[in-house]
Amino acid sequence: MRSIGILLPLLLSLGTTASLAEDDPEHGRQLYATCAACHGAQAEGNRSLNAPRLSHLAPVYVVAQLQKFKAGARGGSSASESARQMAAIAGTVADDQAMYDIAAYIATIGGGASAKTLAGDQEEGARYYQQFCAACHGPAAQGNLALNSPRLAGADDWYIVAQLEAFRSGARGTDAQDRTGKQMRVMAGVLPDDDAVTAVATYIRSLAE
Ligand code: HEC
Ligand code: HEC
């Protein structure tokens, strides 16, 4: 422990050349100004722009999604207009370092969950969730990074519905490069109908309390 305490600041002061430098949330804060226009100053989301809350997401997931948008694995020609819009923005983020810095900044902004917008059958949703979703997203929807599965607790309920519908229709998770999206697309397909989608999203939203 002691040697790490001495070495880390030394390494940082030397700077890194080949690999990524340490995340810089202050630099991320400056870059986030562009994002705030849609996602809000507190990364709380803005429903009227279809821009989701981001503050509940782990940095590694934020980076993974930005990389996908930038590479066209998400937000390509078959995607929704919202996703294509986000892909265009991701194309303007300079490089992976900038993505890590922005994600590190987002992780510093906390906040409560957004307002409920759904009134699906929560008990039915709980049954679907525990049967089909908990194995990857965790029993409390806390996410499981080892399975690339994001936190869902705290996400906007309308966004959960929009993304489940996107996976179900093939607007998300069909690109050949999108391995993790494909996994999720299979799971979105096990929900029988729109009522089940609403129910499961209503239940997930209740977990943020
Ligand atoms: C013009 C509005 C707009 C701007 C500016 C914008 N976004 Fe987005 N972003 C969106 C929309 C809309 C979505 C939802 C896309 C979808 O429905 O698939 C989104 C989705 C995302 C997602 C995926 C979240 C998830 O849980 O799936 C991330 C991460 C993200 N944006 C990060 C950023 C960052 C970082 C910036 C700044 C560099 C940024 N956005 C700027 C509109 C915007
Ligand atoms: C086999 C593991 C697995 C199971 C089971 C699973 N998911 Fe997922 N889910 C994922 C992965 C991996 C992602 C990330 C996809 C990506 O990287 O684009 C994801 C993404 C999502 C997203 C998008 C979140 C965001 O912010 O972008 C939602 C919503 C979601 N899952 C809901 C569900 C629901 C509801 C169920 C149950 C019906 C479920 N998932 C079952 C693995 C799983």
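Order of listing sets the numbers, starting from 1, for every ligand and every atom in it. The first residue in the sequence is number 1, and the count goes up from there.
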Give the atom name of whichever N/O/S atom in H39 sits closest to atom 8 (Fe) of ligand 1.
NE2
Of the backbone and side-chain N, O or S atoms of Q183, does one lie nearer to atom 8 (Fe) of ligand 2 than 2.8 Å?
no
Evaluation steps, side-chain contact (heavy atoms from CB on, under 4.5 Å), between D157 and K116
CA-CA 7 Å; D157 54 11; K116 285 185 186 173; 4.2 Å; yes
For L49, the atoms of ligand 1 under 4.0 Å from one of its heavy atoms are 12 (C)
Can you list the steps and then say if Y61 with R151 is a side-chain contact (heavy atoms from CB on, under 4.5 Å)?
CA-CA 9 Å; Y61 187 74; R151 180 183 179 90; over 6 Å; no
Would you mind listing which atoms of ligand 2 come within a distance below 4.0 Å of any non-hydrogen atom of Q65?
16 (C), 17 (O), 18 (O)
How far is atom 12 (C) of ligand 2 from the closest protein heavy atom, and which atom is that?
N148 O, 3.4 Å
A student comparing Q67, H56, R172, M86 should find that the heavy atom closest to atom 33 (C) of ligand 1 comes from M86
Using a cut-off of 6.0 Å, state whether more than 12 heavy atoms not belonging to F167 lie near its atom CZ.
yes
What residue and heavy atom of the protein are closest to atom 28 (C) of ligand 2, and at what distance?
L152 CD2, 3.6 Å
Backbone N or O of P52 within a donor-acceptor pair of the H39 side chain at under 3.5 Å?
yes
Heavy-atom distance under 4.5 Å between the side chains of V200 and C133, does that happen here?
yes
Considering all heavy atoms, the nearest I204-A141 contact
CG2-CB, 4.5 Å
With distance as the sole criterion, is a donor-acceptor pair present between the side chains of S149 and N144 under 3.5 Å?
no
Checking a contact table here: which protein heavy atom is nearest atom 2 (C) of ligand 2, and how many Å away?
C136 SG, 1.9 Å
Between K68 and ligand 2, does any nitrogen or oxygen pair lie at a separation below 3.5 Å?
yes
Min N/O separation N50 to ligand 1 under 3.5 Å:
no
Does H137 put an N, O or S atom under 2.8 Å from atom 8 (Fe) of ligand 2?
yes
Examine distances only and state if a side-chain atom of D156 and a backbone atom of Y159 form a donor-acceptor pair shorter than 3.5 Å.
no
Looking only at protein heavy atoms, which one is nearest to atom 18 (O) of ligand 1, and what is the separation?
R74 NH2, 2.9 Å
Minimum-distance protein heavy atom relative to atom 5 (C) of ligand 2:
F132 O, 3.1 Å
Flag, side chain of R185 to backbone of R168, donor-acceptor distance under 3.5 Å
yes
In ligand 2, which numbered atoms sit nearer than 4.0 Å to a non-hydrogen atom of L147?
12 (C)
As an exercise, identify every atom of ligand 1 less than 4.0 angstrom from a heavy atom of V93.
38 (C)
Can you tell me how far the OG1 atom of T117 sits from the CZ atom of R47, to the nearest 0.5 Å?
4.5 Å
Would you name the heavy atoms of D175 and A73 that are closest together and state the gap between them?
CB-O, 3.3 Å
With respect to atom 17 (O) of ligand 1, which of E81, Q163, E165 exhibits the smallest heavy-atom separation?
Q163
Return yes when P52 approaches ligand 1 closer than 4.0 angstrom through a heavy atom, no otherwise.
yes
Per-atom contacts of ligand 1 with L54, taking only distances under 4.0 Å to non-hydrogen atoms
22 (C), 24 (C), 28 (C), 29 (C), 30 (C), 32 (C)
State whether D178 and K68 are salt-bridged, where the test is any N-O pair (Lys NZ or Arg NE/NH1/NH2 against Asp/Glu carboxylate O) under 4.0 Å.
yes
Can you check whether D194's main-chain N or O pairs, donor with acceptor, with T198's side chain at less than 3.5 Å?
yes
Atom indices of ligand 1 within 4.0 angstrom of I102 heavy atoms, with elements:
35 (C)
Can you tell me which residue and heavy atom of the protein come closest to atom 25 (C) of ligand 2, and the distance to 0.1 Å?
Y61 OH, 3.3 Å
Give a yes or no answer on whether the side chain of K182 reaches the backbone of Q177 with a donor-acceptor pair at less than 3.5 Å.
no
If I apply the N/O under 3.5 Å rule, does T180 come out as touching ligand 2?
yes
A64 near ligand 2, heavy-atom distance under 4.0 Å?
no
Could you tell me whether some N/O pair between S82 and ligand 1 is separated by less than 3.5 angstrom?
no
What part of C133, side chain, backbone, both or neither, has a heavy atom within less than 4.0 angstrom of ligand 2?
both
S149 to ligand 2: N or O pair under 3.5 Å?
no
Selection from G45, A51, C35, C38 by shortest heavy-atom distance to atom 4 (C) of ligand 1
C38
Nearest non-hydrogen protein atom, atom 13 (C) of ligand 2:
P150 CD, 3.5 Å
For ligand 1, is M99 a contact, meaning one of its heavy atoms is under 4.0 Å away?
no
Below 4.0 angstrom from a heavy atom of T34, which ligand 1 atoms are there? Numbered from 1 as shown, please.
5 (C)
Any sub-3.5 Å donor-acceptor pair from R205's side-chain atoms to S114's backbone N or O?
yes
Evaluate the side-chain contact (heavy atoms from CB on, under 4.5 Å) criterion for residues M99 and K70: first the C-alpha distance (whole Å), next the side-chain angles of each, then the deciding distance (0.1 Å), finally the verdict.
CA-CA 11 Å; M99 292 179 185; K70 191 169 183 177; 3.6 Å; yes
Using modelled atom types and a 3.5 Å cut-off, is there a donor and acceptor pairing between side-chain atoms of R53 and backbone atoms of S55?
no
In this structure, atom 19 (C) of ligand 2 is nearest to the protein heavy atom M184 CG, 3.4 Å
Would you indicate which of A103, A83, S80, A36 comes nearest to atom 15 (C) of ligand 1 when only heavy atoms are counted?
A83
Hey, does Y159 sit under 4.0 Å from ligand 1 if you only count heavy atoms?
yes
What atoms in ligand 1 come closer than 4.0 Å to a heavy atom of L57?
26 (O)
Could you check whether E81 pairs with R84 (Lys NZ or Arg NE/NH1/NH2 to Asp/Glu carboxylate O, under 4.0 Å)?
no
Tell me the protein heavy atom at minimum distance from atom 41 (C) of ligand 1, and give that distance in Å.
I89 CG2, 3.5 Å
Can you tell me how far CG of L152 sits from NE2 of H56, rounded to the nearest 0.5 angstrom?
7.0 Å
